[in-house]
Trainee: 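One structure is given below, represented as structure tokens, and several questions about it will come after.
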Amino acid sequence: MDLWQQNASLAVTPATAATRNNLSGLMSMIYELRVYTAMPGRLPDVLARFRDHTVGIWNRLGIRQFGYWTTAVGPDSNALTYMLVWESLADREVKWGKFVVDPEWVEVRKASEAAGPIVAKMDNSFLAPTSFSPAK
């Protein structure tokens, strides 16, 4: 199973009771932090795919983006870090599930990886705001 298939299967698998319990503290929004470590020398390709294609597809599908960052100072300057905001875990499951099978995305991904993978590793975390966080 390749990196995208693994990520896609996680995306469309319904949340387990344990996952729902862990996310039950989220009051109104779910924040998803994602970090893509690019293959050596391929960060410009990852950034181009997001800038030129992914952002537009997500806008069309109603996927809310909070921000995108590259590492200016830190342990990995070959990474794209970004955050998505979801109304609920169910909202995430539905929209992400539509994204990973979207014909435009499938074609863009295939074309951008024609010379080989551009992402070496993907990490994602769901973040719960603290009671004192300005983000709720």
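Here the structure is a predicted model, which is why all the values come from computation and not from measurement.
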Trainee: Look at the side chain of Gln65 and the backbone N and O of Ile63, then say whether any donor-acceptor pair between them is shorter than 3.5 Å.
Mentor: yes

Trainee: Spell out, as yes or no, whether a donor-acceptor pair under 3.5 Å connects the side chain of Lys95 to the backbone of Gly62.
Mentor: yes

Trainee: May I have the step-by-step check of side chain to side chain contact (heavy atoms under 4.5 Å, CB included) for Thr54 and Phe99, ending in yes or no?
Mentor: CA-CA 10 Å; Thr54 307; Phe99 166 64; 4.3 Å; yes

Trainee: Among Tyr82, Trp105, Trp86, whose ring-ring contact (aromatic ring centres under 6.0 Å, His included) with Trp58 holds?
Mentor: Tyr82

Trainee: Can you sort out the partners of Glu104 under side chain to side chain donor-acceptor pair (under 3.5 Å), two or more places apart, ordered by chain and number?
Mentor: Arg60

Trainee: Can you give the donor-acceptor pairs under 3.5 Å from side chains of residues 72-80 to other protein atoms, not counting sequence neighbours?
Mentor:
| residue | atom | partner | partner atom | Å |
| --- | --- | --- | --- | --- |
| Asp76 | OD1 | Asn78 | N | 2.9 |
| Asn78 | ND2 | Ala38 | O | 2.6 |
| Asn78 | ND2 | Met39 | O | 3.3 |

Trainee: Considering only NZ, NE, NH1 and NH2 on the basic side and carboxylate oxygens on the acidic side, decide whether Glu107 and Arg109 come within less than 4.0 Å.
Mentor: no

Trainee: For Val46 versus Val119, what's the shortest heavy-atom pair and its separation?
Mentor: CG2-CG2, 3.9 Å

Trainee: To the nearest 0.5 Å, what is the distance between OG1 (Thr81) and CG (Leu33)?
Mentor: 6.5 Å

Trainee: Measure the shortest side-chain to side-chain distance between Leu89 and Ile30 over non-hydrogen atoms and say whether it is less than 4.5 angstrom.
Mentor: yes

Trainee: Are Val55 and Ile57 co-members of a hydrophobic cluster defined by side-chain heavy atoms under 4.5 Å apart?
Mentor: yes

Trainee: For the residue pair Phe50 and Tyr68, is the inter-centroid distance of their aromatic rings smaller than 6.0 Å?
Mentor: yes

Trainee: With side chains defined as the heavy atoms from C-beta onward, is the minimum distance between Asp102 and Leu61 less than 4.5 Å?
Mentor: yes

Trainee: For a 4.5 angstrom cut-off between non-hydrogen side-chain atoms, does Leu127 reach Ser125?
Mentor: yes

Trainee: Step by step, work out the side chain to side chain contact (heavy atoms under 4.5 Å, CB included) result for Met83 and Glu32.
Mentor: CA-CA 5 Å; Met83 189 173 273; Glu32 184 175 5; 6.0 Å; no

Trainee: Is it possible for you to say whether Val35 and Trp96 belong to one hydrophobic cluster, with membership spreading through side-chain heavy-atom contacts below 4.5 Å?
Mentor: no

Trainee: Check whether the side chains of Arg49 and Ser112 place a donor and an acceptor atom closer than 3.5 Å, and report yes or no.
Mentor: yes

Trainee: Look up atom CG in Asp91 and atom CZ in Arg64, then write down how far apart they are to the nearest 0.5 Å.
Mentor: 10.5 Å

Trainee: Of all residues at least two apart in sequence or in a different chain, which pass the ring pair (Phe, Tyr, Trp, His ring centres under 6.0 Å) check with Phe66?
Mentor: none

